[in-house]
2 protein chains.
Amino acid sequence: MTPPLTGARLSVSLAEIAAFIALVEHGGFTVAARELHLSQPGFSGRISRLERALGVRLVDRGVRRLTLTAEGRAFLPRARQIIESYAAGASVANG
Amino acid sequence: MTPPLTGARLSVSLAEIAAFIALVEHGGFTVAARELHLSQPGFSGRISRLERALGVRLVDRGVRRLTLTAEGRAFLPRARQIIESYAAGASVANG
DNA sequence: TGCGATTACGTATCGCGTAAATATC
DNA sequence: GATATTTACGCGATACGTAATCGCA
């Protein structure tokens, strides 16, 4: 019925998951934030909230080139699935 | 990159999507609310916010037996996919 | 009339922006 | 020393619970 969700919270919003994808695709907080029309601290907050909800670090900070943790790499395809499913559901819902 | 998302908002939380699934599985607001340890108005709010974010009605109110709208039926399998993907991603993330 | 869902409303929490601080190279 | 991210902090918005109301059979 309801899957295990080992320690993870459901308080996550799709905006936070989309932010993580954007972060990876743009290769940095600054660019991704600009792309999402968000301030840098606001964007950083979204990533932090996602990590806190998952109880795990997704990205390695302080490196010139952005790198994901092992958990981040593992989570990325799932994140894409989530957004894809939602987009499909939304388009089916309102035409 | 970022899918179309026709009019739908990303402000949706997974808790709201899970609420929709619980509503269907338990067949009513009252039971589903109790099952999620939420007050009835709180639960009703979650469903309303999801509908507002999608810009579409998911359930037919005022009917003795709970019935979904066509959009609700279409959205349901996507909702399940979303929660499934998140559960998979979360378990992969923190073991 | 009775049960189920919504509305009203107060409160606590959250989310984001501006400004300041910190860290890495 | 410059660029990139986090922290501090304040304000506006959101989410939930309690209480009251509405609606349908």
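Letters go in sequence order (proteins before strands), and every chain restarts at 1.
- Applying the 4.0 Å criterion to OP1 and OP2 of D:dC16, one finds that B:S39 has every side-chain N and O outside that range.
- As rounded to whole Å, 12 Å separates atom C1' of D:dT6 from atom CD of A:E51.
- The aromatic rings of A:F75 and B:Y86 sit perpendicular to each other, their planes meeting at more than 60°, with 30° as the lower class boundary.
- Under the 4.5 Å side-chain criterion, counting only non-hydrogen atoms from C-beta, A:L76 is in contact with A:F20.
- Side-chain N/O atoms of B:R46 include one lying less than 4.0 angstrom from OP1 or OP2 on D:dC16.
- If you find the closest nucleotide of DNA chain D to A:S44 and to B:G45, the one lying nearer the 5' end belongs to A:S44.
- Going from atom CG of A:D60 over to atom P of D:dT6 covers 12 Å, rounded to whole Å.
- Residue A:E16 places its side chain closer to C:dG15 than to any other of C:dG15, C:dT6, D:dT6.
- Nearest to the side chain of B:L38, among C:dT18, C:dA5, D:dG17, sits D:dG17.
- Here C:dG17 presents its C1' atom at 15 Å from CG of A:L36, a figure rounded to the nearest Å.
- The distance between atom CG of A:L66 and atom C1' of C:dC25, rounded to the nearest whole Å, is 16 Å.
- Using a 4.5 Å heavy-atom cutoff, the side chains of B:I47 and B:R61 are in contact.
- In this structure, the NE2 atom of A:H37 is 18 Å from the C1' atom of C:dG15, given to the nearest Å.
- Atom CZ of A:F43 is separated from atom C1' of D:dT7 by 18 Å (rounded to the nearest Å).
- The CZ atom of B:R65 sits 17 Å away from the C1' atom of D:dC24 (whole-angstrom rounding).
- The side chain of B:T30 places an N or O atom within less than 4.0 Å of a non-bridging phosphate oxygen (OP1 or OP2) of C:dA5.
- In summary, A:E16 and A:R46 do not engage in a salt bridge, as defined by a charged side-chain N under 4.0 Å from a carboxylate O.
- Remark: B:R61 is in phosphate contact with C:dT6, judged by side-chain N or O atoms under 4.0 Å from OP1 or OP2.
- For B:R49, a side-chain nitrogen or oxygen approaches OP1 or OP2 of D:dC16 to under 4.0 Å.
- Within a 6.0 Å radius of CZ in B:R9, no more than 12 heavy atoms belonging to other residues, nucleotides or ligands are found.
- Atom-to-atom, CG of A:L10 to C1' of D:dC16 comes out at 16 Å; the value is rounded to the nearest Å.
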